[in-house]
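What follows is a single structure, written as structure tokens, with notes after it.
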Amino acid sequence: MDNLPVNFVCYNDSLRFINWLSNGQPTGAIGNATTERGVYNMSLSKPVRGANAKVWLPSENEWFKAAYYKGGGANAGYWGFATRSDTAPAAGAPAGGANAANYQSATPAVGAPDYFNPVGAYTSTVSAY
């Protein structure tokens, strides 16, 4: 499981992990100096990212830019899909091609993936970053 995507992690636990990282990965009792304060103040009803954050959970807009942005220049804008393409990706097993992804299509191909794959399994499908 070491190289598989993390799942079943709630939003606030993600923020607490980021606080723990930004606080130098302290050990001991959980408190303000470990997970409750840092990049995010967990005592707020809706934690907000601090201005001097070096590590943070991307906002929805930041995630979309990382996944879909084409880059600057003459072709600036966004791809239709996070596989750097305006064509729907093929549901293909790793390593797939330049426009492949792990998802269950409406009409799955024989051998199409429907489980988690190791990080880096689709090396031909990369973002602009």
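Quick caveat, the model's predicted, so the values are computed rather than measured.
Using a 4.5 Å heavy-atom cutoff, the side chains of Asp86 and Trp79 are in contact. Here the side chains of Trp56 and Glu62 are in contact, with some heavy-atom distance below 4.5 Å.
Connectivity analysis of hydrophobic side chains (ILVMFWY, heavy atoms under 4.5 Å, direct or indirect) links Val6 to Val9.
Comment: Lys65 does not engage Glu60 in a salt bridge, judged by the lack of any side-chain N to carboxylate O separation of less than 4.0 angstrom.
Ser43 and Asn41 are linked by a side-chain donor-acceptor pair at a separation below 3.5 angstrom, with hydrogens and angles left out of the test.
Criterion: ILVMFWY side-chain heavy atoms under 4.5 Å apart, direct or through other members. Under it, Met42 and Leu57 are part of a common hydrophobic cluster.
Minimum interatomic distance between Pro89 and Phe81 (heavy atoms only, all atoms of both residues): CD-CD2, 3.6 Å. When every heavy atom of Asn23 is checked against every heavy atom of Thr34, the shortest pair comes out as ND2-O, 3.0 Å. Smallest separation of non-hydrogen atoms from Ala33 and Pro26: O-CG, 3.7 Å. The minimum heavy-atom distance linking Gly38 with Ser22 is given by the pair CA-OG, 4.2 Å.
For the atom pair Arg49 CZ and Ile18 CD1, the distance stands at 9.5 Å (nearest 0.5 Å). If you take SG on Cys10 and CG on Leu15, they are separated by 8.5 Å, rounding to the nearest 0.5 Å.
For residues 18-53, the pairs satisfying ring-ring contact (aromatic ring centres under 6.0 Å, His included) are Phe17-Trp20, with sequence neighbours left out. Among pairs with a residue in residues 8-19, those fulfilling side chain to side chain donor-acceptor pair (under 3.5 Å) read Arg16-Glu36, at least two apart in sequence or across chains.
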